[in-house]
Every structure is written in C-alpha cells, then in structure tokens.
S.K.: 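Sending over a structure as structure tokens; questions will come in a sec.
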Amino acid sequence: MARKIGSRYTANQILGRGSAGTVWLGEGPEGPVAVKLLREDLASDQELVGRFVQERTALLGLEHPHVVSVRDLVVDGNDLALVMDLVRGTDLRTRLDREKRLAPEAAVAIVADVADGLAAAHAKGVVHRDVKPENILLDMQGPLGPGGAHPALLTDFGVAKLIDSPRRTRATKIIGTPDYLAPEIVEGLPPRASVDIYALATVLYELLAGFTPFGGGHPGAVLRRHVTETVVPLPGIPDELWQLVVQCLAKAPASRLRASEMGVRLRELLPLLAGMPPLDVDEPDAEHEEEQDAEDAAADSAGEPVPAGRPARRGAVPLVPGAKPADSNRDTHTSMRVPGPDELAGGARGTARVPRPAGAPRPGSARHRATTRRRRLVVGVAGLVLVAAAGAGIWAATSGDDAGAAPRDTENSAPASP
C-alpha cells in the first residue's frame, strides 16, 4: 500500500527491513528513489529528531560513486525518513548467503570500492560506524569489474550515529554489529575513522573465508575476542593480501591503514589474485566455541589455567568506559605502535577461531578423537615393532659372537700354568 512521505515523496512498496527501519521503493520529483523510513519509536524521540536535522548538511553533502547518496531528509509528523539514490541490485549479505564465499579477486575488488567511498566520507569528517555486508549494495546495472564483481556502494551513512544516544545505550555503551566492532568501541572509546577500517577488513575476511574472524557463540564472547585474541592466517591466500588484512585488523587504531591507502593497496593486489578460486576452508564450529568460551570463563573466574590444548585467554573485556583490563600487557588499542613483521605474519596464538582445511575434523569432535586414537595406536604399534626388531638384532649379534669366537686373553686373564 502506497503512503506519502512528506509532501514530495511516495513510498510504493517495501524493499527490505533492518534494525533501524524499513526501506521502500519510492517516487520523487526526479524519479525513483529509495526511502528509509526509521522506526516509529525513533521518530517520536525529539532528541533524535534534533540530531537528525543537525546531520542534514553532512549527509546531503556526501557524494561519491561508491556511496549511496542521501537526497533528502524528511521530518513530517511521525515520519522520519532518509531519501536516497535507488540502487538496482542486491546487498552483499544476500550474495554471501547464496555463494558462501567469493573468489579473492572479486572480494578484493568489492572491498576496494567500499574503501574508496569511506575515504571520501572520512575526508569530510563523516564516520560510518556500521560497515557490514548488509550496508554494502551491489549495482547489478553497473559495469563488471575484476573477477566479475559488480560496483559496490556503501549505504546507511549516519544512521548509527543518529540513533546513538546516552539514554539508548546506557546498558552496553555499544552501537553496531558485534562481529564488526573495533576493539576501541568495545572498550568504550569514541569512534574514529579507524573503526570503519577495522569493520571493512572484517568484511574482507568474511568474503574470503565465509565467516568473520571473531564471530560465533554468545555476543559477549564475540566482543571479548575482538579485544583479546589474534586473527589467524587463512590458508591459500597470498602473503601480501594477508598482511594487509592483519594490519587493518590491528588492535591499535593508529596501526591500521587509512581508507585511501587501503583502496590503493587492494587494487595493486588485483593482478596477483586473477583466476584464483574461492578458498576451501571450513567454518569453526560455533557450538564448540560457545562451550569453550563458557569453560574458559569459568576457569578465569576460578583462577585456574585454561585446559591444555587450547590457547590461553588474555584477561576479561571491560565493557564500561574507564574500566581497567585484567592484564595491562595485552596487545590492545592502547599500545599505539606500528605492528612488527611477526605480527603482520599472523599466527594462531590466542584465538579460538582457527579455520580448518575442508573436510578436516573439528577439534573435540568424535571424529577428531577417533582420528587421534588411531594415530596414537599406529605410533604405538610402530614403536613396539621397532623395539622388537632392535631386540632381535642384539640377540642375533650376541649369539653369533658366542658361537664363532675363540677364547680371548685379556688383562684380567689368569696366567697360564707352566
């Protein structure tokens, strides 16, 4: 059912729904538009409406080929809406749901587009704060790029900032999607442009692997991993690409690339990735990770060591601004430095999200335990065979000496009688 949005626009049909509101296919004086109608509870918040109007100039002035432009902001009774360019296509989440993971060339081309859009926004002092596949649109009518990728455009600029207020976020102090939140957001620091780089690097990892580096299990466990754990290498991608991913996922915001640098570096890597198939890795088991998180949390609270065979956690995550972490030596955003070569190389230290080669059993599963038992049995039998063979060789050598050797005089032999 069509509805009027202000005096200039008509919303004709629903295109999608999100946490902040509903997106409609609309019509305006200059043709088709997309209208994001914010939730009624948001529209009735006078403080929010005031910020909405204050942000109008910044949002309307942001124009870039890889940003979905905001044409108008409408405040009319209970309606609070952003009128945006209409992109004929789908969002990146829909493509990920369909294909699971993308070929590296296509993934890098898409993320490079988004990095260019972020660079333009950051140059104007605008931070997105909620970069994720749902907010990246693919223009199906645009020209195909490297790897057959459609042009990518970032949308929903300013929405996270608009709905963020002390009254709304008093319980957690966090606005955003847990899988993509930078460590400094988790620890309550104000968001800077570097949080968008962290989120975009998380998206790149997800496009390559089919899952996010720190996701899985309870949201609290996800937030903990962002602060305390290290991302591990994905098998099968060039080292140059992996170093870029790790640098952009650095705990220290100052260590991350700027958006403009990220876009340039990614495009330089495209020839290296031409023709590479999607990675063949399995997602870590979420249920197993949730059990591990609970066990490790219990061990931490009791002052006990983490069970053998699992990486140690490095302190709890303070979710309230001003709280001190349990371990002041942790590698977090508070250590403002450039990462060294060993850090850029990655490593499995301190992470529960270890990708497995396709078909490999997950740690702790019945299949993994059976494989381990079989391996131990084979090693044990081989050891017994080697011991038996060694014993037989010694016996044969000793028997040969006794049968064929004449008595020998030694220094301790008794003298012969005359």
Side-chain angles (χ1 to χ4, degrees), residues 172-174 176-189 191-192 194-195 197-199 201-202 205-206 209 211-234 242 245-256 283-340 342-355 363-364:
T172 63
K173 305 292 184 184
I174 292 174
T177 307
D179 278 24
Y180 308 91
L181 282 177
E184 60 268 31
I185 296 294
V186 178
E187 293 200 331
L189 296 182
R192 309 295 185 195
S194 55
V195 306
I197 302 303
Y198 186 94
T202 302
Y205 186 105
E206 184 177 14
F211 51 89
T212 56
F214 301 116
H218 190 276
V222 176
L223 298 180
R224 176 192 182 98
R225 294 186 197 118
H226 281 297
V227 176
T228 63
E229 296 185 357
T230 305
V231 64
V232 297
L234 287 172
W242 178 246
V245 172
V246 173
Q247 184 171 2
C248 293
L249 288 176
K251 305 302 183 188
S255 297
R256 300 171 202 152
E283 180 174 4
D285 186 81
E287 182 179 353
H288 176 65
E289 286 182 353
E290 192 167 354
E291 293 173 358
Q292 178 178 327
D293 286 324
E295 293 173 6
D296 291 354
D300 283 345
S301 62
E304 300 173 355
V306 174
R310 291 215 298 270
R313 301 303 174 91
R314 293 174 284 178
V317 178
L319 298 181
V320 179
K324 294 183 179 179
D327 181 0
S328 61
N329 292 321
R330 288 180 301 120
D331 177 24
T332 70
H333 64 276
T334 55
S335 56
M336 306 298 284
R337 58 177 177 73
V338 176
D342 55 338
E343 182 180 352
L344 289 177
R349 174 176 174 269
T351 179
R353 299 283 292 177
V354 181

S.K.: Check the pair Tyr198, His226 against side-chain contact (heavy atoms from CB on, under 4.5 Å), reporting the backbone distance first and the verdict last.
M.R.: CA-CA 10 Å; Tyr198 186 94; His226 281 297; 2.8 Å; yes
S.K.: Distance from Leu181 atom CG to Arg225 atom CZ, nearest 0.5 Å?
M.R.: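 Rounded to the nearest 0.5 Å, the CG-CZ separation comes to 13.5 Å.
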S.K.: Which pair of non-hydrogen atoms, one from Ile185 and one from Pro191, has the smallest distance, and what is that distance?
M.R.: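 Residues Ile185 and Pro191, closest heavy atoms: CD1-CB, 3.5 Å.
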S.K.: Sequence neighbours left out, what passes side-chain hydrogen bond (donor to acceptor under 3.5 Å, both in side chains) with Tyr180? Give chain and number order.
M.R.: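 Arg93, Glu206.
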S.K.: Working to the nearest 0.5 Å, report the span between OG1 of Thr202 and CD1 of Ile197.
M.R.: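 If we round to the nearest 0.5 Å, Thr202:OG1 and Ile197:CD1 are 11.0 Å apart.
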S.K.: Between the main-chain N or O of Ser194 and the side-chain N or O of Arg256, is there a donor-acceptor pair closer than 3.5 Å?
M.R.: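 Yes, because the side chain of Arg256 sits within donor-acceptor range (under 3.5 Å) of the backbone of Ser194.
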S.K.: Please report the closest heavy-atom contact between Val222 and Gly217, naming both atoms and the distance.
M.R.: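 That closest heavy-atom pairing would be CG2-O, 4.4 Å.
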S.K.: Could you grab the distance from atom CG of Leu234 to atom CZ of Phe211, nearest 0.5 Å is fine?
M.R.: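 It comes to 6.0 Å.
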S.K.: Hey, what's the ring geometry for Tyr205 with Trp242, parallel, tilted or perpendicular (30° and 60° as the breaks)?
M.R.: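 Ring orientation of Tyr205 relative to Trp242: tilted.
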S.K.: How long is the straight-line distance from CD of Glu187 back to NZ of Lys251, given to the nearest 0.5 Å?
M.R.: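 Atom-to-atom, Lys251:NZ and Glu187:CD are 10.0 Å apart.
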